[in-house]
Undergrad: 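Input: one structure, supplied below.
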There are 2 protein chains.
Amino acid sequence: MAETARHSESRYGNRPTMKDVAARAGVGLKTVSRVVNSEPGVTPDTERRVQEAIEALGFRRNDSARVLRKGRTASIGLVLEDLADPFYGPLSRAVEEVARAHGALLINGSSAEDPEREQELVLALCARRVDGLIVIPAGDDHRYLEPEMKAGIATVFVDRPAGRVDADMVLSDSFGGARAGVAHLVAHGHRRIGFIGDQPRIHTATERLRGYHAALADAGIEVEDSWVSLGPTDPARVRAAAEAMLAGPEPVTALFAGNNRVTVTAVRVLAECERRIALVGFDDIELADLLGITVISQDAAAVGRTAAEHLFRRLDGAAHAPARVELPTRLIPRGSGELPPA
Amino acid sequence: MAETARHSESRYGNRPTMKDVAARAGVGLKTVSRVVNSEPGVTPDTERRVQEAIEALGFRRNDSARVLRKGRTASIGLVLEDLADPFYGPLSRAVEEVARAHGALLINGSSAEDPEREQELVLALCARRVDGLIVIPAGDDHRYLEPEMKAGIATVFVDRPAGRVDADMVLSDSFGGARAGVAHLVAHGHRRIGFIGDQPRIHTATERLRGYHAALADAGIEVEDSWVSLGPTDPARVRAAAEAMLAGPEPVTALFAGNNRVTVTAVRVLAECERRIALVGFDDIELADLLGITVISQDAAAVGRTAAEHLFRRLDGAAHAPARVELPTRLIPRGSGELPPA
DNA sequence: TAGGCCCTGGACAACGTTGTCAAGAGAATG
DNA sequence: CATTCTCTTGACAACGTTGTCCAGGGCCTA
């Protein structure tokens with residue numbers, strides 16, 4: 001009776017505990033634990049009684065307590081930039097599938113491309129003692145993760161390399177992809193090609209720009225300053241950049257878009273333009289086939305899957321040196337990249 | 001010394017605990033706890049010593065233990081259908097923002113439209129004692145949640161109503177949206193309008209179908225069986241359904257697509273078709289403006305935000321009867337819905 | 001029938017944290 | 001100077017679970 005009263009004031013509403021189940025089933029605490037965990041050494045009859053008590057009380061094991069005792073949370077953290085970005089949805093989903101196959105839950109958070117917020121999120125996840133972390137870096141200094149990694153939290157960086165820290169990474173071949181895309185435009189006769197990309201702080205942005213320069217250098221073309229624009233990828237900035245490149249006496253005849261957000265805005269701008277400007281975008285977009293947009297496609301799901309599999313291999317004890325995996329990209333010609341110079 | 005040895009074998013790598021910090025700083029355990037939680041009653045000098053010890057050891061509070069003691073996990077669970085679906089990315093992100101504003105983390109999982117998997121996920125989240133749940137139901141019987149809700153886990157159902165359980169819900173006006181969309185087609189002269197939707201098990205699918213029927217009834221049009229097709233929304237099934245409606249002696253002159261996946265496939269099929277078939281789709285799609293697709297738009301972010309705010313109001317103690325919020329939809333004409341009958 | 005063994009079940013401590021409470025040191029008051 | 005009061009500090013229990021270890025009972029064997 002006193003027992004009941006105590007529980008009705010308990011913090012979890014009035015969740016029954018194993019102790020309550022044990023009392024109701026007339027067995028010891030540990031026996032309930034055994035039944036709940038399907039451990040051997042319980043007679044069918046006892047097990048039945050315990051199960052009945054569990055049903056009757058609506059008992060559900062408290063995983064917090066379990067975690068405290070066992071030291072494994074069976075959860076991993078995923079810190080990405082923005083879940084609303086169509087590139088990260090499939091990535092996150094792929095990570096989740098792998099986690100599920102390993103019986104783990106996924107906690108995720110968006111950094112909104114803010115290094116401070118990234119750190120805050122990562123540390124919160126560490127405080128929960130996630131078993132592992134997959135991080136799409138916003139910042140470029142991850143030394144704050146060192147104590148955590150030393151303490152055994154497996155970490156894989158994705159899409160962009162980690163800063164000042166030695167860890168596993170899974171990247172797409174941004175340099176090679178951009179180089180191939182720009183070379184494609186060159187092959188179709190373009191000599192004046194614009195590049196609109198993300199902020200230089202972001203590794204993929206500079207890698208793609210490097211690929212752009214490499215392709216033009218390969219073709220013996222000298223890049224003019226006005227052809228390149230790096231910065232935030234909100235529609236307003238991208239629109240302004242694109243319009244600037246298309247205006248003036250010697251406008252570009254083709255554009256290379258540094259990521260999916262840039263591509264979307266570029267398509268809008270080009271649709272309003274009377275001249276036919278060629279376009280190749282980094283990242284595939286839904287319905288791009290119908291719009292005839294030529295893209296460099298990276299397989300977001302494959303990136304996520306690879307990273308997660310890496311992580312779980314670490315969690316299962318793999319102790320080799322940090323690896324750096326680079327996944328290939330693919331050029332998908334659909335028309336916009338094959339337009340001749342206007 | 002023995003202390004050190006014990007810890008070096010500990011399960012969390014060798015994470016220092018408050019006890020270790022206390023020993024190093026030469027203070028009591030509780031004093032460390034006070035510093036970590038910024039509780040009052042610690043002299044600046046003591047605080048400094050403790051902070052130093054925390055830094056030196058790389059201490060990070062173990063939230064599992066904290067949760068066990070305090071009873072609040074400061075995390076909420078989100079169970080949706082598929083994170084890779086462009087409708088759910090923004091929804092999830094909106095939920096995350098609200099959670100973040102309340103200092104909570106978001107754990108999410110995909111049910112893949114499988115009721116069993118939904119239940120499995122929800123119960124796993126309950127075992128972790130998330131403070132609250134936001135569920136996009138896959139199944140139609142949620143009585144399994146009753147003990148959990150009674151035990152104090154706040155729950156909000158989103159996008160589709162809960163089955164056999166009294167709880168808060170945030171829905172979009174599927175019926176009204178579909179009715180308006182189909183009426184739009186009727187207003188543009190169509191009398192033979194096809195409907196391709198999701199499986200009838202899914203509430204939004206039947207609501208939208210109901211809207212379709214209502215609009216046609218309003219116009220005094222009798223629906224033919226062959227105009228309606230419900231089922232999985234994978235491209236193959238949708239394509240087959242669309243092609244069937246467009247073939248035969250009396251084909252439909254317009255299509256209403258029951259969700260974004262259907263719309264995407266429908267656009268592809270119609271693009272291959274020589275006749276101009278009108279199309280209105282439920283859910284907006286990126287770049288739909290460029291493709292000129294008329295849609296019924298529901299604001300995924302608003303749905304997520306509303307649900308999350310509802311949830312936290314519950315967590316902050318709101319105890320009114322379960323509410324049912326229905327958010328309006330918006331018809332966005334872009335061309336495809338305004339085509340006259342071929 | 002005695003001895004030993006196996007099998008089931010339970011008592012107890014421990015995980016790392018926070019709430020309660022009481023003790024001790026100074027400061028303020030009479 | 002004695003007393004009370006305040007402020008800082010630490011000892012201890014508790015949260016709900018699991019691992020360790022031991023006890024008791026039934027069964028088999030000699």
Undergrad: Counting just side-chain N and O atoms, does T46(B) come under 4.0 Å of either OP1 or OP2 of dT9(D)?
TA: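 Yes, because at least one side-chain N or O of T46(B) sits under 4.0 Å from OP1 or OP2 of dT9(D).
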Undergrad: How long is the line joining NZ of K19(B) and P of dA13(D), in whole Å?
TA: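 Computing the K19(B):NZ to dA13(D):P distance gives 14 Å.
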Undergrad: What residue among L121(B), V79(B), L83(B) forms side-chain contact (heavy atoms from CB on, under 4.5 Å) with S110(B)?
TA: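 Of the listed residues L121(B), V79(B), L83(B), the side-chain contact (heavy atoms from CB on, under 4.5 Å) partner of S110(B) is L83(B).
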Undergrad: What's the closest nucleotide to the T17(A) side chain, out of dT17(D), dG9(C), dT9(D)?
TA: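 It is dT17(D).
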Undergrad: Using whole Å, what does the distance between atom C1' of nucleotide dC15(C) and atom CZ of R129(A) come to?
TA: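 Answer to the nearest Å: 12 Å.
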Undergrad: Record whether the side chain of K30(A) comes under 3.5 Å of the base of dG19(D) through a donor-acceptor pair of N or O atoms.
TA: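 Donor-acceptor pair under 3.5 Å: yes.
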Undergrad: Evaluate E96(B) against R100(B) for salt bridge (Lys or Arg N to Asp or Glu O under 4.0 Å), listing each step before the verdict.
TA: CA-CA 6 Å; E96(B) 190 199 331; R100(B) 180 178 138 84; over 6 Å; no
Undergrad: Considering only side-chain heavy atoms of L29(A), which listed nucleotide, dT17(D), dG10(D), dC15(D), is closest?
TA: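 So the side chain of L29(A) is nearest to dT17(D).
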Undergrad: Give the rounded distance in Å between these two atoms: CG of N37(A) and P of dG19(D).
TA: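 For the pair N37(A) CG and dG19(D) P, the rounded distance is 7 Å.
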Undergrad: Return the minimal non-hydrogen interatomic distance between N37(A) and R61(A), and the atom names on each side.
TA: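 Smallest heavy-atom distance, with atoms named: OD1-NH1, 2.5 Å.
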Undergrad: Check whether any side-chain N or O of R61(B) sits under 4.0 Å from OP1 or OP2 of dT18(C), and answer yes or no.
TA: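 Yes.
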Undergrad: Below the 4.0 Å mark, does dC15(C) have OP1 or OP2 next to a side-chain nitrogen or oxygen of N62(B)?
TA: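 Looking at the OP1 and OP2 atoms of dC15(C), neither is under 4.0 Å from any side-chain N or O of N62(B).
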Undergrad: How many Å lie between CZ on R72(A) and P on dC15(C), as a whole number?
TA: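 These atoms are roughly 19 Å apart.
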Undergrad: Which of parallel (below 30°), tilted (30 to 60°) and perpendicular (above 60°) describes H102(A) and F312(A)?
TA: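 Parallel.
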Undergrad: Does a side-chain N or O of S33(A) approach OP1 or OP2 of dT17(D) to a distance below 4.0 Å, or not?
TA: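 No, no such contact exists.
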Undergrad: With a 4.0 Å cutoff (strictly under), does any side-chain N or O of T43(B) reach OP1 or OP2 of dT9(D)?
TA: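 So the side chain of T43(B) is within the cut-off, an N or O lying under 4.0 Å from OP1 or OP2 of dT9(D).
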Undergrad: Looking at dG9(C), does its base get a donor-acceptor pair with the side chain of R34(A) below 3.5 Å?
TA: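 Checked by distance alone, the answer is yes.
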Undergrad: In whole Å, I'd like the distance from the CD atom of E39(A) to the C1' atom of dG9(C).
TA: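 From E39(A) CD to dG9(C) C1': 13 Å.
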Undergrad: Have a look at D63(B) and say if it touches a base, only the backbone sugar-phosphate, or nothing, with a 4.0 Å heavy-atom cut-off.
TA: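 Nothing, no heavy atom under 4.0 Å.
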Undergrad: List, one per line, each side-chain donor-acceptor pair under 3.5 Å for residues 131-140 of chain B, sequence neighbours excluded.
TA:
unit_1  : atom_1 : unit_2 : atom_2 : d
D131(B) : OD1    : T73(B) : N      : 3.0
D131(B) : OD1    : T73(B) : OG1    : 3.2
D131(B) : OD2    : A74(B) : N      : 2.8

Undergrad: Within the modelled atom types, does a donor on one side and an acceptor on the other bring the side chain of K70(B) and the base of dG19(C) under 3.5 Å apart?
TA: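 No, the side chain and the base share no sub-3.5 Å donor-acceptor pair.
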Undergrad: Expressed as a whole number of angstroms, how long is the span from M18(A):CE to dC15(C):P?
TA: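 My rounded result for the distance is 19 Å.
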Undergrad: Quickly work out the E47(B) CD to dG10(D) C1' distance and round it to whole Å.
TA: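 Going from CD in E47(B) over to C1' in dG10(D) covers 17 Å.
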Undergrad: Just how far is it from atom CD of E39(A) to atom OG1 of T31(A), taken to the nearest 0.5 Å?
TA: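 The distance works out to 10.5 Å.
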Undergrad: Assign each of A65(B) and V32(B) to its nearest nucleotide of DNA chain D by heavy atoms, then name whichever residue's nucleotide is nearer the 5' end.
TA: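 With A65(B) and V32(B) compared, the 5'-side residue is V32(B).
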Undergrad: Any side-chain N or O of R69(A) less than 4.0 Å from the OP1 or OP2 oxygen of dA14(C)?
TA: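 For dA14(C), OP1/OP2 do not have a side-chain N/O of R69(A) under 4.0 Å.
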Undergrad: At 4.0 Å (heavy atoms only), tell me whether V42(A) reaches a base, stays on the sugar-phosphate, or touches nothing.
TA: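 The answer is sugar-phosphate, as V42(A) gets under 4.0 Å only of primed atoms, P, OP1 or OP2.
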Undergrad: Starting at the 5' end of DNA chain D and moving along, which residue's nearest nucleotide shows up first, R60(A) or V27(B)?
TA: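 Looking at the nearest nucleotide for each, V27(B) comes out on the 5' side.
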